[in-house]
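Here the structure is a predicted model, which is why all the values come from computation and not from measurement. Ligands are counted one by one from 1 in listed order, and the atoms in each one are counted from 1 as well. One is the number of the first residue; the rest follow in order along the sequence.
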Amino acid sequence: MEKAMYSKEKVRIVVHLDVDAFYVAAERELRKDWKGRPLAVSQYNPYGSLDKMGINDPARILYDGEKGNMHVQKQGRNVNGSLIAVSYEARAKNIQRNDRGLVAIQKCPNDLVIVQVPVSNGKANLTMYRDASQRLLSRLVSHMHQAVKELSIDILGGRNDSETNNIHISVEKASIDEVYFDLSKPIEQLCECLCKNEEYWVLLMDRLMRNKGELKAKTTIGGLESEKDMATNRLSKNEIRKGSHLQTLDSSSSSSADVAEQLWWRRGDGNSINDSGWTIQELSLAVGAWITLQARQALTDEFDGVYTLSAGISTNKTMAKLASGLKKPNRQTLVNPADKHTLQKLFHPLPIGRLRGLGGKFGDQVSKILGVQTVGELAQIPLRTIQQTFDEDKALWLSEMAQGRCCDPLKDRTKSKRIGAGKTFQGNLSIRGYDSLRKWIGNLALEVFGRVAAEETRYPKTLTCWLHLQNVSDEREEEKGGRKTNDGHAASLSASIPQNITQPQCTDLALKLAKQIIDRVTNEKNQAFSIIGMEVSASNFVEKDETQSTILNAFRKQKSRQSTEFSVPDTTRERLKKKPETGTSSYLSSVITKAQRSVVCTDTGIQEKTPEVSTVYRAKRAHSPVMASTTVIGAPVDKIDVDMQYARRLQELFDKEHQALQSIPKTKRRKMESQQLISSFLTKSNNG
Ligand code: DCP
């Protein structure tokens with residue numbers, strides 16, 4: 001095996017964590033006595049009679065096997081809703097997601113508990129699960145940091161305190177119960193120190209080997225010990241969604257290790273990293289596995305064993321996600337994409353739809369055009385052939401992905417990337433008229449608006465409406481947009497959300513989008529339609545602070561060759577007329593884009609233009625996406641050079657105004673546009 005140039009080699013360590021049977025666990029947090037029992041969470045049942053139920057309402061318990069089936073008779077048809085989350089104990093009894101309640105009861109009559117999601121406004125109210133998700137994530141982030149810190153202190157002692165206190169770990173919340181961590185930075189720091197000092201290496205090995213028993217018992221290498229594992233791996237995305245009985249595992253016992261696993265742990269520790277037999281990538285993965293194990297255990301302990309997590313440790317997002325799904329529940333799997341054997345056995349047999357980014361329409365397209373079903377088949381196709389059909393970036397991405405390499409960075413975010421509210425309308429409950437369309441779009445838009453308004457630090461720029469229509473004719477399929485489903489056609493449309501949109505405007509916008517989808521899918525205006533699912537969502541979030549006042553942020557971004565646009569309040573502009581010193585490569589520009597005045601930072605700097613001159617100016621710099629795509633009214637009269645000092649002065653002014661904003665009560669603030677607020681504050685303070 002190739003030995004590493006330890007001080008040079010860059011390794012990425014990405015961890016994917018997924019809470020096991022998440023809604024079930026959240027219910028068990030409320031009722032600890034349900035721990036260990038087969039438990040399922042049922043979707044809101046529109047045919048039932050329970051249309052309003054708070055979290056603590058006992059009516060949410062639709063069935064409790066220990067209390068006999070009297071309950072089923074008493075609750076009538078309520079119990080027959082579809083199951084959306086199934087505990088692993090219930091999966092062992094062959095109960096699956098999407099089973100109807102009565103079917104599940106037949107499979108496990110004496111012990112099963114079925115609890116329905118809380119309900120309000122005639123639809124599921126998922127607040128308790130969202131809250132649990134945020135709570136868990138924040139604790140998990142803290143446990144990850146703690147685990148990194150403890151390991152660093154263990155190995156490096158108190159010596160490196162400043163570094164251990166400033167560890168940067170990127171975190172990307174991927175869904176309500178999934179998160180990615182990028183541990184590359186702290187592990188790289190650790191490895192750098194190991195290279196410099198053999199004493200640290202001995203300490204690390206001591207730590208890993210001393211705990212090897214635990215780490216080995218609780219980490220699967222490669223994830224392919226048995227035929228059952230291979231069969232689990234070949235499951236389609238849909239089968240995985242349903243929760244296969246193949247996924248159940250007695251996580252308390254360690255499974256029999258295969259050759260890869262034995263080899264992995266048999267390596268000697270040597271006297272230094274260079275004569276140990278580990279490559280830097282393997283060592284980094286082992287360290288990542290160790291950190292992940294500590295964080296998972298700490299989280300589970302903190303919540304009295306209610307929440308357990310499965311994890312995947314690898315060198316990129318795709319492989320980490322794949323790894324975390326291999327062994328569930330409560331287990332972690334380490335996958336080293338550099339190991340050809342693992343790649344061929346684990347990765348290449350996968351249906352391509354299982355890969356991140358290929359689960360939807362694009363994956364179908366790739367499969368159809370290139371005639372490939374599995375990742376292995378895709379890996380066989382030369383890049384040049386892929387480039388004949390797909391543009392260069394996509395082709396390269398596909399080719400790299402098929403080789404188990406994916407460079408997608410983590411999007412540093414601990415909040416959901418979208419806020420959505422949806423509902424399904426089964427059978428004769430489907431929406432067929434504009435009045436009920438208006439009512440339901442109104443309800444969903446109201447929920448989305450309320451949740452967006454509660455966001456303190458960010459706001460969304462895009463509103464999307466998604467509809468699932470039934471009985472749609474197949475003619476002119478491509479023109480409809482969206483995607484054909486087994487029982488109809490699903491499509492979505494998005495629009496920009498104007499700043500300071502009011503709640504009625506938000507509803508109108510969602511309704512307009514819904515009508516456009518209906519017209520498009522039914523091919524004609526005022527055609528009959530039947531909607532069986534709809535969702536309104538807000539996405540494309542931007543930080544409120546960033547858009548209001550972050551000149552320094554813009555400068556920072558500028559350094560990473562990105563462009564940023566942000567508003568300049570009039571009052572601030574007046575005070576900026578004085579030109580700063582010249583002499584650096586950065587310069588400042590203020591431009592007027594249609595109605596809104598803004599500053600544009602490009603990767604060459606920031607440029608100033610006078611807004612009074614009404615020449616249309618189109619920036620030609622190809623390397624500056626904002627400048628190149630923005631029509632700017634105002635001739636570039638003055639180009640002024642500024643330095644960071646000037647940017648800092650600007651920032652101070654913006655910060656003062658931002659503080660002014662904070663002193664106005666939140667409720668009042670939400671209703672007002674920031675610039676209005678600033679001027680109202682300034683007028684007040686000038687008068688005062
Ligand atoms: N969920 C839902 N409707 C679906 C799928 C999921 O409401 N069609 C909810 C219930 C799940 C939660 O989202 O508990 C997370 O979904 P997962 O797919 O991660 O499934 P689980 O966490 O329940 O199980 P697993 O342990 O297999 O991840």
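Distances from ligand 1 to the non-hydrogen atoms of Glu27 include no value under 4.0 Å. Ligand 1 lies less than 4.0 angstrom from a heavy atom belonging to Arg97. Tyr88 counts as a contact of ligand 1, since one of its heavy atoms falls under 4.0 Å from the ligand.
A donor-acceptor pair under 3.5 Å links the side-chain atoms of Ser310 to the main chain of Asn330, judged by distance alone.
The nearest pair of heavy atoms linking Thr414 to Gln134 is O-NE2, 3.2 Å.
By the criterion of a heavy-atom distance under 4.0 Å, neither the backbone nor the side chain of Val41 is placed next to ligand 1. The proximity of Ile84 to ligand 1, defined as any non-hydrogen pair under 4.0 Å, involves the side chain as well as the backbone.
Checking each of Arg28, Arg91, Arg296, Lys328 against Asp20 for a salt bridge (Lys or Arg N to Asp or Glu O under 4.0 Å) leaves exactly one that passes, namely Lys328.
Taking only nitrogen or oxygen atoms, main chain and side chain alike, Ala21 reaches within less than 3.5 Å of ligand 1. Geometrically, ligand 1 and Phe22 share a nitrogen or oxygen pair separated by less than 3.5 Å. Of the N or O atoms in Asp20, none lie within a sub-3.5 Å distance of an N or O in ligand 1.
Among residue pairs with one or both ends in residues 301-323, those qualifying as ring pair (Phe, Tyr, Trp, His ring centres under 6.0 Å) are Phe303-Tyr307; sequence neighbours excluded. The list of ring pair (Phe, Tyr, Trp, His ring centres under 6.0 Å) pairs with a residue in residues 105-141, not counting sequence neighbours, reads Tyr23-Tyr129.
For Arg37 and Asp64, the salt-bridge test passes: some basic side-chain N is under 4.0 Å from an acidic carboxylate O.
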